[in-house]
Novice: 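The structure under discussion is supplied below as structure tokens; questions concerning it will follow.
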Amino acid sequence: MTILVENEAERKLDFDFEEVIKSIINKTLETENCPYETEVNVLLTGNEEIHEANKEFRGIDRPTDVLSFPMVDYDFPSDFSYVEENPESYINPETDELLLGDIMISVDKVYEQANEYGHSRKREFAFLIAHSMLHLLGYDHIDEAERKVMEVKQEAILDALGITRNGG
């Protein structure tokens, strides 16, 4: 597995964010029965930079907490049959890893939302990684039913790693 982390954020995180990224990605892939070694890119940035990306890619003129850029087309979440039918489109030929996509997180929003929700920055950061990983695996939250599925899966991933609202 390849996880490329680039930290361009001005604010510093007070925990081993690379270890959190790795553990959340691994647990998500395990939970979703991903049959491939994968490649994921993670960019940590600030509100100003994610605001620009949100405006450019989604047409939303404000900062957000996380942006996900999936590389795989799914008929259904975590259905890897399309990858099997078109490996040349999704598998890095140099590493034989599935190119899942990119995650962009605003560290400023991690601070803001951890304070707003009354839990640790580590928990907020882990939640955003889990949320984004589910997007990279084809999940969405456009309607209420989809939102509930994602919510349950996010909490299960965090709970399995002991990253809870009160303790992590």
Novice: Determine which pairs satisfy side chain to side chain donor-acceptor pair (under 3.5 Å) with at least one residue from residues 74-83, sequence neighbours left out, and list them in order.
Specialist: E32-S78, D79-S81
Novice: Which residues satisfy the side chain to side chain donor-acceptor pair (under 3.5 Å) test with T28, sequence neighbours excluded?
Specialist: none
Novice: Clusters formed by hydrophobic residues whose side-chain heavy atoms approach within less than 4.5 Å: which one holds F57, and what are its other members?
Specialist: L43, I50, L67, F69, M104
Novice: Has E49 got a side-chain atom pairing as donor or acceptor with G46's backbone, closer than 3.5 angstrom?
Specialist: yes
Novice: Quick one: OG1 on T38 to CD1 on I3, what's the gap to the nearest 0.5 Å?
Specialist: 7.0 Å
Novice: What are the two closest non-hydrogen atoms of D61 and K55, and how far apart are they?
Specialist: OD1-CD, 3.6 Å
Novice: In Å and rounded to the nearest 0.5 Å, what is the CZ to CG distance from R121 to N115?
Specialist: 7.0 Å
Novice: Show me the side-chain donor-acceptor pairs of residues 127-137 shorter than 3.5 Å, one per line, residues at least two apart or across chains.
Specialist:
unit_1, atom_1, unit_2, atom_2, d
H131, ND1, Q154, OE1, 2.5
H131, NE2, H135, NE2, 3.1
H131, NE2, H141, NE2, 3.3
S132, OG, S68, OG, 2.6
H135, ND1, Y139, O, 2.9
H135, NE2, H141, NE2, 3.2

Novice: Examine L161 and V5 and state if one hydrophobic cluster contains both, with Ile, Leu, Val, Met, Phe, Trp and Tyr joined whenever side-chain heavy atoms are less than 4.5 Å apart.
Specialist: yes
Novice: Distance check, rounded to the nearest 0.5 Å: F17 atom CZ versus K12 atom NZ?
Specialist: 8.0 Å
Novice: Assess the residue pair D159 and T164 against the criterion (side chain to side chain contact (heavy atoms under 4.5 Å, CB included)); give the C-alpha distance rounded to whole Å, side-chain angles, the decisive distance to 0.1 Å, and a yes or no.
Specialist: CA-CA 6 Å; D159 287 349; T164 61; 3.9 Å; yes
Novice: To the closest 0.5 Å, what do you measure between NE2 (H119) and CD (E124)?
Specialist: 4.0 Å
Novice: Kindly list each side-chain donor-acceptor pair under 3.5 angstrom involving residues 18-26, sequence neighbours excluded, with atom names and distances?
Specialist:
unit_1, atom_1, unit_2, atom_2, d
S23, OG, E19, O, 3.2
S23, OG, V20, O, 3.1
N26, ND2, K22, O, 3.2

Novice: Scan side-chain atoms only and decide if N47 and S106 contain a donor-acceptor pair under the 3.5 Å cut-off.
Specialist: yes
Novice: Using side-chain heavy atoms (C-beta onward) and a distance below 4.5 Å, is Y90 in contact with D73?
Specialist: yes
Novice: Identify, with sequence neighbours excluded, every residue that meets ring-ring contact (aromatic ring centres under 6.0 Å, His included) alongside F125.
Specialist: F15
Novice: Quick one: pull up CE in M1 and OG1 in T95 and give me the separation to the nearest 0.5 Å.
Specialist: 12.0 Å
Novice: Which residues satisfy the salt bridge (charged side-chain N to carboxylate O under 4.0 Å, His left out) test with E30, sequence neighbours excluded?
Specialist: K27
Novice: Closer than 4.0 angstrom, basic N to acidic O: yes or no for R123 and E155?
Specialist: yes
Novice: As an exercise, state the distance from CD1 of I60 to CG of N54, rounded to the nearest 0.5 Å.
Specialist: 5.0 Å
Novice: For R11, which residues count as a salt bridge (charged side-chain N to carboxylate O under 4.0 Å, His left out) partner, sequence neighbours excluded?
Specialist: D108
Novice: Applying salt bridge (Lys or Arg N to Asp or Glu O under 4.0 Å), run through E112 and K109 and close with a yes or a no.
Specialist: CA-CA 5 Å; E112 292 168 25; K109 287 288 185 187; 3.3 Å; yes
Novice: For a 4.5 angstrom cut-off between non-hydrogen side-chain atoms, does V110 reach L13?
Specialist: yes
Novice: Check whether more than 12 heavy atoms from other residues, nucleotides or ligands sit under 6.0 Å from atom CD of E37, and answer yes or no.
Specialist: no
Novice: Answer yes or no: are there more than 12 heavy-atom neighbours, outside E88 itself, under 6.0 Å from its atom CD?
Specialist: yes
Novice: Please enumerate all residues that pass salt bridge (charged side-chain N to carboxylate O under 4.0 Å, His left out) together with E10, with sequence neighbours excluded.
Specialist: none
Novice: Only counting residues at least two apart or in another chain, list the ones meeting salt bridge (charged side-chain N to carboxylate O under 4.0 Å, His left out) with E144.
Specialist: R147
Novice: Got a sec, which residues hit side chain to side chain contact (heavy atoms under 4.5 Å, CB included) with T2, two or more places apart in sequence or on another chain?
Specialist: L4, E39, E97
Novice: Applying side chain to side chain contact (heavy atoms under 4.5 Å, CB included), name anything that partners D96, two or more places apart in sequence or on another chain.
Specialist: I91
Novice: Does L98 reach the side chain of F80, with side-chain heavy atoms less than 4.5 Å apart?
Specialist: yes
Novice: So with a 6.0 Å cut-off around CD of E48, is the heavy-atom count from everything else above 12?
Specialist: no
Novice: Please answer: with hydrophobic residues joined when any side-chain heavy atoms are less than 4.5 Å apart, are I105 and M71 in the same cluster?
Specialist: no
